[in-house]
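Down below is the structure, laid out as structure tokens.
These numbers were taken from a predicted model, which means no experiment stands behind them.
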Amino acid sequence: MQLFSVGVTSVWSAVVAFTGFKLAGMIVGLRVLEEQEREGLDVNSHDQNAYNQ
């Protein structure tokens, strides 16, 4: 019975996580633009430099 419960919980968690990722991907996207990634996410996302340059 416990093994069955672990299996059900694992499948349930996988389905909910997959659905959440797909929904987030459709609504806001899971990646930033390539240009923002090249410039640096610290500047684009937080308007700060991570290192003194």
Looking at CD1 of I27 and NZ of K22, how far apart are the two atoms once the value is rounded to the nearest 0.5 Å? 13.0 Å
How close do L30 and A24 get, counting heavy atoms only, and between which atoms? CD2-CB, 4.0 Å
Report the residues that fulfil side chain to side chain contact (heavy atoms under 4.5 Å, CB included) with V28, sequence neighbours left out, ordered by chain and then residue number. none
Qualifying residues under side-chain hydrogen bond (donor to acceptor under 3.5 Å, both in side chains), relative to Q36, sequence neighbours excluded: none
Using the side-chain contact (heavy atoms from CB on, under 4.5 Å) rule, pick out the option among T9, V15, V11 that qualifies with S13. T9
How far does CD of E34 sit from CZ of R38, to the nearest 0.5 angstrom? 4.0 Å
